[in-house]
Every structure is written in C-alpha cells, then in structure tokens.
Amino acid sequence: MLPVGLRYPAVTAIGSQVVIAGGQAAGGAVDPVFGFDTTSGDLARIGRLPAPTSNAVAFSVGDTAYVV
C-alpha cells in the first residue's frame, strides 16, 4: 500500500520491481518515486522527481527507468 493515495502516476517495471513515479494526490501533483518489490511485497521510497509530476509516462531500458 502506498503511503498516500495517487491517481495518474507513471509506472514501469524493472525486473521484479515496479517503479511508481509522481502522480496526483489530494493536494496536487507529487514528486516521490517508489519501488515495489513484487517478490517480497516491500515498498520503499527510492527517489524524487525534479518537480511534482502527474499524467506522465514511464518506461524502462535495461536497469534504468525514465519518466516523460
């Protein structure tokens, strides 16, 4: 479960991890990046976007996630 409800985050997978970046919370766009490990069920904050972002798209190339 994410620490805050989100709509429209950018989401991509890298191996067994799902990367969830930005999105729209009740107060507006947000900047955290979360990693969800599908094998263990662990969720961790793994970074921040340079600016709050909503309605973006994410994709991965190798071990790198991109948000556009």
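Heads up: numbering here begins at 1 and tracks the sequence.
Scanning both residues, Thr64 and Ile14, for their nearest heavy atoms gives C-CD1, 3.8 Å.
In the hydrophobic clustering of ILVMFWY residues, with side-chain heavy atoms under 4.5 Å counting as a link, Val18 and Leu6 come out together.
Partners of Tyr8 by ring pair (Phe, Tyr, Trp, His ring centres under 6.0 Å), not counting sequence neighbours: none found.
Counting side-chain heavy-atom gaps under 4.5 Å among Ile, Leu, Val, Met, Phe, Trp and Tyr, the cluster of Phe59 also holds Val57, Val61, Tyr66, Val68.
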Validation: residues 22-46 side-chain donor-acceptor distances under 3.5 Å, sequence neighbours left out:
from, atom 1, to, atom 2, distance (Å)
Gln24, OE1, Ser54, OG, 3.3
Asp31, OD2, Arg48, NE, 3.1
Asp31, OD2, Arg48, NH2, 2.7
Asp37, OD1, Thr39, N, 2.8
Asp37, OD1, Thr39, OG1, 2.5
Asp37, OD1, Ser40, N, 3.4
Thr38, OG1, Ser16, O, 2.7
Ser40, OG, Asp42, N, 3.2
Ser40, OG, Asp42, OD2, 3.2

